[in-house]
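Below is one structure, written out as structure tokens; comments come after it.
In what follows, every chain begins at residue 1, and chains take the letters A, B, ... in the order their sequences are listed.
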Amino acid sequence: MTAFLQYIVTGISDGAAYGLVGIGLVVVFRTTNALNFAQGVYAVVAGMTTSVLVLHMPLVLAAVLAIAIVTTIGGLMGLITIGIRGDTTPLTSLIVTLGLTLIAESCELLIFGDGPHSYAPIANHAWDVGGVLVQPQYVLLLGVTLVVTLGLNLLFRKTIVGNALVAASDSLRAARLVGIDTVTFGVVAFGLAAFLGALGGVLLTPLMPVAYDSDLNIAVNGFAAAAFGGLVSVPGALLGGIVLGMAENLVVGYVNPQYELTIALVIMLALIGWRARHEVSTA
Amino acid sequence: MNAVALRRTGRTLPIAAAVVLILLPWELSLANQSLYVQMGQYAIVAVGLSLLMGFAGQVSFGQGAFYLVGAYVAGVLATRYHWPTLATLALAPVATAAVAWVIGLPLLRLRGHYLAFATLAVHLIVLSLVFTWSGVTGGEIGLIGIPALKIGSSHPAGATYAAIVWAAVVAVALVSLALVGSRAGRALRAIAASERDAAATGIAVGAYKLRLFVLSAGYAGLAGGLFTYQLHYLSPDSFAVILSVQFVVMIAIGGMGSVYGAVFGAIAVTLLRHELSVLGTRPGMPLQAPKVLAIGVFGLILTVVVLFFPRGLLPALGDLTGRFRPQVAEIAPALPPMPVPGEAERAAELESLRGPTDAATREAGD
């Protein structure tokens, strides 16, 4: 029973990180109808940058700087993907963000090399809760994710900016007609997504080292989380991430750790497939 | 345009090109032969992906995975179970197509680009399975001792093998062109133009997309099988995710939905990759240079080409020079609906029947 709870706790914390990445995908998708392949890059670059900066400054400062840098990179990517042509189709955006992902990977290789990067978590001790070990890093990760989810949900539902963001994805032309600058919103959405990805990366890297090619794995897991909520729901993405994280950890614990990646991805495919059935039946 | 003239000149050129492509290996050096074989294998995959992207509007990042499945199906059956090599080569595309069918069945009913991420996941899954099932696949060390391909009593190698690969390219191209021109091809074009309209006219959109996805995977499986009998050695290193990306780059260059463009894209990217690896391994270059160059250049090509030449680099160049204009049927999705024969004449007739005032009012109203 203790082991089971341990897997659940670790799973929730991993899942929160997937959720953050997934929410980033949702933000861009809701605003621009584009799937942002580069969503994993943000987490990786933020993690790597922090791991280097932390050698010269306090962790919090390093993390904040890394997140700021990555948010800027994200905004730039949005400008390239959405801004240059202004009428990119979802297929075009998907391929462009893949291209940008590769360029980013190439730069990471040049700057950081091809080894894995990590740094120490906020605290090395773990709380013993009835035999279940809870690392403070887990709690921080989950707490930050919950706050972000609530905040974004409010942003989309209650504020004019949020409504405009959603309106832009509903009909680009109609949004332009009522005076919404869709390019600016695209850039803002990408920046926001990069901020979320960077946040997830900074919080997760101490638990799971990152290398230049970790981004695809992270993006795929984030996509699975987002797909759980049909790509449009912020709480859905968080829930999807947590389901995925728990399932992964249970499989590793009870089945065979060798199959971790395989099972995780099969679960993800099953989630998407389930979602597909759901969507077809409601459509 | 006079379609008849286009069709007449459009026949002899491809036949001549096919003959040249199949006979070319005997003129090549040994090193160039193996590069040429690689081009052929990639061309087979690219043709399938081009159809999938052009007509189903779906992008797959799993073509490299299907290539891997085909390669390992052929390699494992021939090496571990001593199947006849030709039978394994025939089974490779079938088994791969079956895998794609299982994956595509739930996913292709969805609108949007679920398939892109799902196929990427499939690539990561099969790679990880190759490592995990090391008893069968040889794992990290690789599958060694794969027998030579045996057709009848001969073992084709060198130029003969290259010719076989390119004969397969020609066969795949012919099948694809026939498909594009068939009833199914017309349905696919309708889907490419507007999924909703196609569905409204009774076309089973999901089923057609699924069939195209399965076909493209089958092509990749065939190419994988041909890869197995080229090298006689399989290792997971040959099938990194960048391979799947590379096929998308080929289509970005050759243009979506174009069979000839896909072959051109495959040739161009193989050459480019070769040149980059020569450049990256020069003395004095940093250790990571080959990887940095390959990844970076592919990224740049994807970004720039897709943003500025969304129909593909080759069609864009064709527009500039006025040559290589793709066949109307091939680029139909990008064009306005084809004029109905005789429509222009009828319109002119109508116009002449209308009074001059009528035309003048219309002009003023415009």
How many angstroms lie between atom [atom1] of [X] and atom [atom2] of [Y], to the nearest 0.5 angstrom?
X	Y	atom1	atom2	answer
A/F112	B/Q288	CZ	CD	13.0 Å
B/Y114	A/L231	OH	CG	4.0 Å
A/I95	B/T303	CD1	OG1	10.5 Å
B/L293	A/S106	CG	OG	7.5 Å

Subject >> Heavy-atom pair of closest approach, residues A/N36 and B/F117 >> reply: O-CZ, 4.5 Å
Original post:
Minimum heavy-atom separation for B/V59 to A/L94, with atom names?
Top reply: CG1-CD2, 3.3 Å
Subject >> Contacting moiety of B/V241, where chain A heavy atoms sit under 4.5 Å >> reply: side chain
Subject >> B/V122 versus chain A, the contacting section by heavy-atom distance below 4.5 Å >> reply: side chain
**OP:** Give the intermediate values and the outcome of side chain to side chain contact (heavy atoms under 4.5 Å, CB included) for residues A/Y212 and B/I295.
**Re:** CA-CA 11 Å; A/Y212 80 98; B/I295 297 177; 3.9 Å; yes
Original post:
Is the shortest heavy-atom distance from the side chain of A/L98 to the side chain of B/F61 under 4.5 Å?
Top reply: yes
Original post:
Given the options B/L124, B/L302, B/V292, which has more heavy-atom pairs under 4.5 Å with chain A than any of the others?
Top reply: B/V292
**OP:** Under 4.5 Å, counting heavy-atom pairs only, tell me which of B/A289, B/A252, B/A121 racks up the most with chain A.
**Re:** B/A121
Region of [X] in contact with chain B, defined by heavy-atom distances below 4.5 Å:
X	answer
A/F37	both
A/A219	both
A/L91	both

